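We name chains A, B, ... by the order of the sequence lines, and we start the count at 1 in each one. The model shown is predicted, which means the values in this text are computed figures rather than measured ones.
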Amino acid sequence: MRAALLASALVLLAVVVSSAEQASKIRERDANWVAPARQNSRANPLANRPDAVAGGRKLFHQRCTNCHGEDGRGTTYGPDLTTAAVQAQSDGALFWKISSGDTRTGMPGFSFLPELQRWQLVLHVRSHATRAGLQP
Amino acid sequence: MSVCRYALLVLVVTGIGVASASAQERAYFVTYDHYLEERGNLEIAVASTTGFPKNNESTYTAPWLELEMGVTGWWTTELYLEGVTAGEDGNAFTGWRLENRFRPLRNEHRFNLVLYVEYENVNEASRIQKEIVGAGSLPFEPIDELKQTHAHELEGKLIVSSAIGAWNMSENFIVEKNLSESEGFEFGYSVGVSRHLGALARATSCHVCAENFVIAVELYGGLGSTEGFEGGEQRHYLAPAIGWRTSTRTTLKASVGFGLTEASDRALLRVGFDYELPIRRRR
């Protein structure tokens, strides 16, 4: 039994080490990951609630910065959210992507959060556009 | 000690232990949903099941350690180490388990499937009851006797989970085969409903506010085996649960399962604490 336990521990260790691989540049956005057409037209119910942005910033800091970076400009594990390609997507598309996640790229889904909190995250992602000098 | 007094004591002691750290995303203990561990994250969890049996049998506590790793976005692997202590009946290390969960579909759907495969190397003294299969009550012989009987078991689960608004609904169907005995296949189930409290996130961080809490109810139990349904001998529990995200990386959760059948214990008190550790290096 000890041998089997040791073997399992070694497997786990190997997994840990392999996942700690290093890359050197910001992850590219997967252009093939597209929201279903019917999701694009969904409007953000918080669009006229600027007071909700701060809550979105807090959620982003808690759940997203590990991959997308503090400023949303991306890391080796998550793409830059300030780019024109991301900001050109509709609120509905961003909401769907935040909710669904993508198992292929490792983007976790956040459908367990209440819908309003996911819309707060969309608000915050939009605020990246302003800072990046793009038209939100 | 009564179930309620014991529950209060454990909650207070555990709560004090983590107050300075500052809760679990999911409040489930038995039911699995479709959310896998984030790629590159290691979750370290300690938890325990305390059982209050009927017929004056000794109360027991079965602690376990979980190391859960998100290998990829669609694959999570987990190692369990477990034990048991039952007062004068003794205590023991009861074995280990290695589980893997696979999510075959890329995006979220109305019904999300996860395939689960687990190998267990445990002995008959195991009482963590992370799943319940088959029929019959737990054996209550002295731990020293029970731990002499080892079992190699292979378990599969079909996990179906849905996000509906702020709610999660998950259904697990379990099949287990004891590779050490010719017992046929044993079956079990678990269903759970959970909900995040709160709606809008506050602008400032807070510890004891609704947005950090998840409430849930689980129903789980055994469904007999290929050798017999044994309806009267099955164990079933109904368990309200609560999860509290005490910080961005830590979660405290608790549940009380009420035994619904004669073969069930009177109650199962579960308490757990999770710590999420990003282990990959990003640039």
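- Contacts with chain B (heavy atom to heavy atom, under 4.5 Å) involve these residues of residues 48-62 of chain A, listed by number: A/Arg49, A/Ala52, A/Ala54, A/Gly55, A/Lys58, A/Leu59, A/Gln62.
- Here the straight-line distance linking atom CZ of B/Arg39 with atom OG1 of A/Thr105 works out to 7.0 Å at 0.5 Å rounding.
- Within residues 114-121 of chain A, the residues having any heavy atom closer than 4.5 Å to a heavy atom of chain B are A/Pro114, A/Glu115, A/Leu116, A/Gln117, A/Arg118, A/Gln120, listed by residue number.
- Heavy-atom distances place no part of B/Ser194 under 4.5 Å from chain A, backbone and side chain included.
- In terms of modelled atom types and a separation under 3.5 Å, the side chain of A/Thr103 and the main chain of B/Pro104 share no donor-acceptor contact.
- Between the CE atom of A/Met107 and the CD atom of B/Glu38 there is a distance of 9.0 Å, given to the nearest 0.5 Å.
- The choice from B/Ala166, B/Ser205, B/Ala201, B/Gly73 that makes the most heavy-atom pairs within less than 4.5 Å of chain A is B/Ala201.
- Atom CD of B/Gln148 sits in a crowded spot, with more than 12 heavy atoms from other residues, nucleotides or ligands closer than 6.0 Å.
- Nearest heavy-atom pair across A/Ser100 and B/Arg103 is O-NH2, 4.1 Å.
- Remark: B/Glu176 engages no residue in a side chain to side chain donor-acceptor pair (under 3.5 Å) (not counting sequence neighbours).
- Counting heavy-atom pairs closer than 4.5 Å to chain A, the top residue among B/Asn168, B/Leu197, B/Thr72, B/Leu200 is B/Leu200.
- In this structure, chain A has a heavy atom under 4.5 Å from the backbone of B/Leu105, while its side chain stays farther away.
- Note: A/Ser111 OG to B/His34 NE2 = 4.0 Å, rounded to the nearest 0.5 Å.
- Around CZ of A/Arg29, the count of heavy atoms belonging to other residues, nucleotides or ligands within 6.0 Å exceeds 12.
- From A/Ser99, atom OG reaches atom CG of B/Asn107 across 11.5 Å, with rounding to the nearest 0.5 Å.
- Applying a 4.5 Å heavy-atom cutoff, the residues of residues 30-38 of chain A that approach chain B are A/Asp30, A/Asn32, A/Trp33.
- The aromatic rings of A/Phe112 and B/His196 lie tilted to each other, with the angle between the two planes from 30° to 60°.
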